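Position 1 is the first residue of the sequence, and the numbers go up from there. Values below: all heavy atoms of this structure, side chains included; hydrogens, waters and symmetry mates excluded. Quick caveat, the model's predicted, so the values are computed rather than measured.
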Amino acid sequence: MLDILIWNVRGLNDPRKKAAVKEHILANKVSICCLQETKESFSQNDIRDISGGGMLSEFVCKPSIGASGGILICWNDSIWRMISSVEVYGPCEDSSRHVLWEELSQVKAVHGLPWCVLGDFNVTRFVEDRNRIAEEGLVDLPIANQNFTWSNLREVPALARLDRVLIDAEWEEAFPLCRLSGLPRICSDHSPLLLVGGDVARKPVWFRFENWWLLRLDFKHWWRVRGLRQQGF
């Protein structure tokens, strides 16, 4: 199973938010955790605490600049080898968005694994972004149970979908049952997202008969025993 948590936590220096991240990881058996706007740097001990005792043993982080920004991705190493993913915390300035897409295009070119791009894109999908998503051969996964991922938390709230998961054809082929859903919004103005990969699609194993088997004097007995063993008897 491949379960990925994506969340703009708006500062992980709050003990409540660390507890919420840990709860999501443990409750959903998360194998990859992607956090944006952490506003912190991290050590191995921090990751062990956040993931509930070492479920996610590997990590890479980009520290915040002062009290803003920062991203963290931590993962279970056995799962990570199956895929390639890029965590995004998109620029707010429209003029910088083409740089983001150029970098994503370069990253995709060097990976041959199922590929996804996920995180807070900081945009509600302008025409340029929609065009680039199509040009890169990516699909914007719908969220199964909600339309928006961000709220300004006012009495009459402004709502938007800023957080996304984009996947390529190889990802769809490897994880045909993948599903994106929203988790309850707590401690942040962004909703956490959970990408459930489902079972990995396995290619059929073809039966191959070897002519030399017929040369065995005990072929009939050997074949009967071999067949029973494959059926688990």
Can you list the steps and then say if L5 with C34 is a side chain to side chain contact (heavy atoms under 4.5 Å, CB included)? CA-CA 6 Å; L5 176 68; C34 303; over 6 Å; no
With the 4.5 Å side-chain cut-off for hydrophobic clustering, are I71 and L193 part of the same group? no
V196 and L180: CA distance, side-chain angles, deciding distance, side chain to side chain contact (heavy atoms under 4.5 Å, CB included) verdict: CA-CA 6 Å; V196 177; L180 183 63; over 6 Å; no
From I73, I6, I32, residue fulfilling side chain to side chain contact (heavy atoms under 4.5 Å, CB included) relative to E87: I73
Just by distance, do the side chain of D120 and the backbone of D163 share a donor-acceptor pair under 3.5 Å? no
same_hphob_cluster(Y89, V165) at 4.5 Å side-chain heavy-atom cutoff: no
How close do D3 and G197 get, counting heavy atoms only, and between which atoms? OD1-N, 3.8 Å
Could you tell me whether R10 and D189 have a side-chain N and a carboxylate O separated by less than 4.0 Å? yes
Report yes or no: does N122 contribute a side-chain atom to a donor-acceptor pair with the main-chain N or O of G90 at less than 3.5 Å? yes
Side chains of F42 and L12, heavy atoms from C-beta outward: is any pair under 4.5 Å? yes
Any side-chain to backbone donor/acceptor pair from T149 onto L162? Under 3.5 Å, distance only. yes
Classify the side-chain pair S64/E40 by whether it contains a donor and acceptor separated by less than 3.5 Å. no
Main-chain N/O of K18 paired with E23 side-chain donor or acceptor, under 3.5 Å: no
Please check if the side chain of E136 supplies one atom and the backbone of L138 the other of a donor-acceptor pair under 3.5 Å. no
Could you go through I167 and C178, starting from their C-alpha distance and side-chain angles, then the distance that decides it, and tell me whether this counts as side chain to side chain contact (heavy atoms under 4.5 Å, CB included)? CA-CA 10 Å; I167 62 173; C178 69; 4.2 Å; yes
Nearest-0.5 Å distance that lies between atom CG in L2 and atom CH2 in W75: 14.0 Å
Tell me whether E170 contacts the main-chain N or O of W115 through its side chain, where contact means a donor paired with an acceptor under 3.5 Å. no
Show the nearest heavy-atom pair for residues L26 and S51, with the distance to one decimal. CD2-O, 3.8 Å
Find out whether L141 and L195 are in side-chain contact, i.e. whether some heavy atom of one side chain is under 4.5 Å from a heavy atom of the other. yes
Whether K17 side chain and C187 backbone form a donor-acceptor pair below 3.5 Å: yes
Non-hydrogen atoms of D168 and L113 that approach each other most closely: OD2-O, 4.3 Å
d(C74 SG, L35 CG) to nearest 0.5 Å is 6.5 Å
With side chains defined as the heavy atoms from C-beta onward, is the minimum distance between V9 and V21 less than 4.5 Å? yes
Indicate the atoms forming the closest heavy-atom contact of W150 with A158, along with that distance. CZ3-O, 3.7 Å
CG (N145) and OG (S181) are apart, to the nearest 0.5 Å, by 5.5 Å
Taking only Lys NZ, Arg NE, NH1 and NH2, and the carboxylate oxygens of Asp or Glu, determine whether K39 and D14 approach each other closer than 4.0 Å. no
Taking the side chain as everything from C-beta on, heavy atoms only, tell me whether R185 gets closer than 4.5 Å to S151. yes
Can you find a pair of side-chain heavy atoms, one from L56 and one from D77, that are under 4.5 Å apart? no
Show the nearest heavy-atom pair for residues H24 and I186, with the distance to one decimal. NE2-CD1, 4.3 Å
Spell out, as yes or no, whether a donor-acceptor pair under 3.5 Å connects the side chain of S188 to the backbone of N8. yes
Checking R130, R132, R164 against D140 for salt bridge (Lys or Arg N to Asp or Glu O under 4.0 Å), the one that qualifies is R164
Does some side-chain heavy atom of I133 sit less than 4.5 Å from a side-chain heavy atom of L166? yes
Look only at the side chain of W7 and the backbone of H190, and say whether a donor-acceptor pair between them is shorter than 3.5 Å. yes
Taking the side chain as every heavy atom from C-beta outward, state whether R161 and I143 have any pair of such atoms under 4.5 Å apart. yes
Side-chain heavy atoms of N76 within contact of S57, under 4.5 Å: no
So how far is it from F148 CZ to S191 OG, rounded to the nearest 0.5 Å? 11.0 Å
What's the verdict on side chain to side chain contact (heavy atoms under 4.5 Å, CB included) for V99 and E103, showing C-alpha distance, side-chain angles and the deciding distance? CA-CA 6 Å; V99 177; E103 290 179 352; 3.9 Å; yes
Is D49 reaching over with its side chain to a backbone N or O of D46, donor-acceptor style, under 3.5 angstrom? no
